[in-house]
Number of protein chains: 2
Amino acid sequence: MDATFTAASHHVRRRILDRLRRGPETVGGISRRFPISRQAVAKHLRLLERGRLIVVRRSGRERLVSLSARPLREVDRWLAGYRRYWRSRLLSLKRLAEEIERRGG
Amino acid sequence: MDATFTAASHHVRRRILDRLRRGPETVGGISRRFPISRQAVAKHLRLLERGRLIVVRRSGRERLVSLSARPLREVDRWLAGYRRYWRSRLLSLKRLAEEIERRGG
DNA sequence: TCCATGGGCAACCATAAGGTTGCATATTGG
DNA sequence: CCAATATGCAACCTTATGGTTGCCCATGGA
């Protein structure tokens with residue numbers, strides 16, 4: 001999962017992913033959305049590829065980049081434990097609030 | 001979220017987080033669990049702190065590290081969109097399978 | 001009081017990220 | 001065929017990661 005988290009750890013890359021949910025796009029199309037050079041975007045794409053979050057296939061002289069969100073399911077599964085954690089924390093906070101309320105009034 | 005994802009992008013740091021769900025632990029206690037130096041672990045802790053995933057408070061000569069999973073909720077919320085995405089992908093895969101089944105048999 | 005223990009800080013090193021510019025190459029439309 | 005278009009690759013720079021070792025300092029007990 002290291003590569004997946006690393007891929008998701010930069011706002012530019014997350015924006016790329018978010019955009020790709022609407023459908024595949026060319027490298028140039030993606031890079032035109034950002035104020036950085038095409039090559040910089042290409043490096044971001046390489047990191048996304050390493051994290052298996054995108055798939056690139058060539059079509060003529062262009063490269064079509066498409067989303068491959070599957071690895072995010074592992075992240076989701078990892079998060080599940082914390083979901084339980086923060087829910088229980090919220091629960092105890094709620095109980096504390098109730099306790100204070102009971103004592104106060 | 002950059003800092004949160006960065007913090008979660010290393011297996012050692014994720015293991016630290018996982019362990020902290022059981023309760024707070026000292027810096028030394030944590031570092032003894034890993035085959036790397038105490039200082040290396042301290043650096044990991046600093047990254048976790050930057051991602052607001054832990055809180056450190058001193059108690060005498062020790063430092064107690066405790067989990068603060070709240071930032072992960074943002075990650076969870078970000079993931080929600082992809083949950084929808086991969087579900088719809090799975091759904092179309094299922095439909096395709098049914099289609100093939102229908103045609104084949 | 002004294003020293004073992006818990007930890008921080010700094011220096012140093014290698015590698016990865018995140019950018020840039022410049023140049024090479026393959027298609028595609030006229 | 002030729003020029004414009006879409007990308008890739010390489011070199012180079014800066015800063016962040018991930019480790020190490022060495023040294024310093026506070027504190028808690030015997």
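We name chains A, B, ... by the order of the sequence lines, and we start the count at 1 in each one. Here the structure is a predicted model, which means the values were calculated and not measured.
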Quiz item: Under 4.0 Å between a side-chain N/O of A:Arg13 and OP1 or OP2 of C:dG18, yes or no?
Solution: yes

Quiz item: Considering heavy-atom distances to DNA chain C, does A:Gly60 or A:Arg50 have its closest nucleotide positioned more toward the 5' end?
Solution: A:Arg50

Quiz item: Hey, is the side chain of B:Arg38 pairing donor to acceptor with the base of C:dG7 inside 3.5 Å?
Solution: yes

Quiz prompt | Given DNA chain C, 5'-ward residue of the pair B:Lys43 and B:Gly28, judged by closest heavy atom | solution = B:Gly28

Quiz item: Given C:dG8, D:dT7, C:dT20, which nucleotide is nearest the side-chain atoms of A:Thr26?
Solution: D:dT7

Quiz item: Is there side-chain contact between A:Ile16 and A:Arg33, with at least one heavy-atom pair below 4.5 Å?
Solution: no

Practice problem: Starting at atom NE2 of B:His10, determine the distance to atom P of C:dA17, rounded to an integer number of angstrom. | Solution: 11 Å

Practice problem: Measure from the side-chain heavy atoms of A:Ala42 and tell me the nearest of D:dG8, D:dG19, C:dG6. | Solution: D:dG8

Quiz item: Just by distance, do the side chain of B:Arg58 and the backbone of B:Gly60 share a donor-acceptor pair under 3.5 Å?
Solution: yes

Exercise. For B:Leu47 and B:Ala7, work out which heavy atoms get closest and say how close.
Key: O-CB, 3.7 Å

Exercise. To the nearest Å, give me how far apart CZ (A:Arg58) and P (C:dT25) are.
Key: 15 Å

Quiz item: Base, sugar-phosphate alone, or nothing: which one does B:Ser31 contact when heavy atoms must sit under 4.0 Å apart?
Solution: nothing

Quiz item: Aromatic rings B:Phe5 and B:Trp78: how do their planes relate, parallel, tilted or perpendicular, breaks at 30° and 60°?
Solution: perpendicular

Quiz prompt | Euclidean distance, atom CD of residue A:Glu49 to atom P of D:dG8 [Å, nearest integer] | solution = 9 Å

Exercise. State whether the distance check finds a donor on one side and an acceptor on the other, under 3.5 Å, for side chain B:Gln39 versus base D:dG22.
Key: yes

Quiz prompt | Phosphate contact (C:dT20 OP1 or OP2) by A:Ser37 side-chain N/O below 4.0 Å | solution = yes

Quiz prompt | Polar side-chain contact B:Arg46-D:dG18 base: donor and acceptor under 3.5 Å | solution = no

Quiz prompt | N-O pairing of A:Asp76 and A:Arg83 below 4.0 Å | solution = yes

Quiz item: OP1 or OP2 of D:dT17 sitting under 4.0 Å from any side-chain N/O of B:His44?
Solution: no

Quiz item: Could you give the CG-to-P distance, from B:Asp2 to C:dG18, as a whole number of Å?
Solution: 9 Å

Quiz item: Heavy-atom count around A:Arg52 CZ within 6.0 Å, excluding the residue itself: above 12?
Solution: no

Quiz prompt | Nearest-angstrom distance from the residue atom CG of A:Leu47 to P of D:dA16 | solution = 17 Å

Exercise. Using whole Å, report how far CD1 of B:Ile36 lies from P of D:dT20.
Key: 6 Å

Quiz prompt | Nucleotide nearest A:Arg63 when distance is taken to its side chain, options C:dG18, D:dG18, D:dT7 | solution = D:dT7

Exercise. Starting at atom CD of B:Glu62, determine the distance to atom C1' of D:dG29, rounded to an integer number of angstrom.
Key: 13 Å

Practice problem: Mind calculating the distance between CZ (A:Arg61) and P (C:dT27) to the nearest angstrom? | Solution: 11 Å

Practice problem: Between C:dG8, C:dA17, D:dT20, spot the one nearest the side chain of A:Thr6, thanks. | Solution: C:dA17

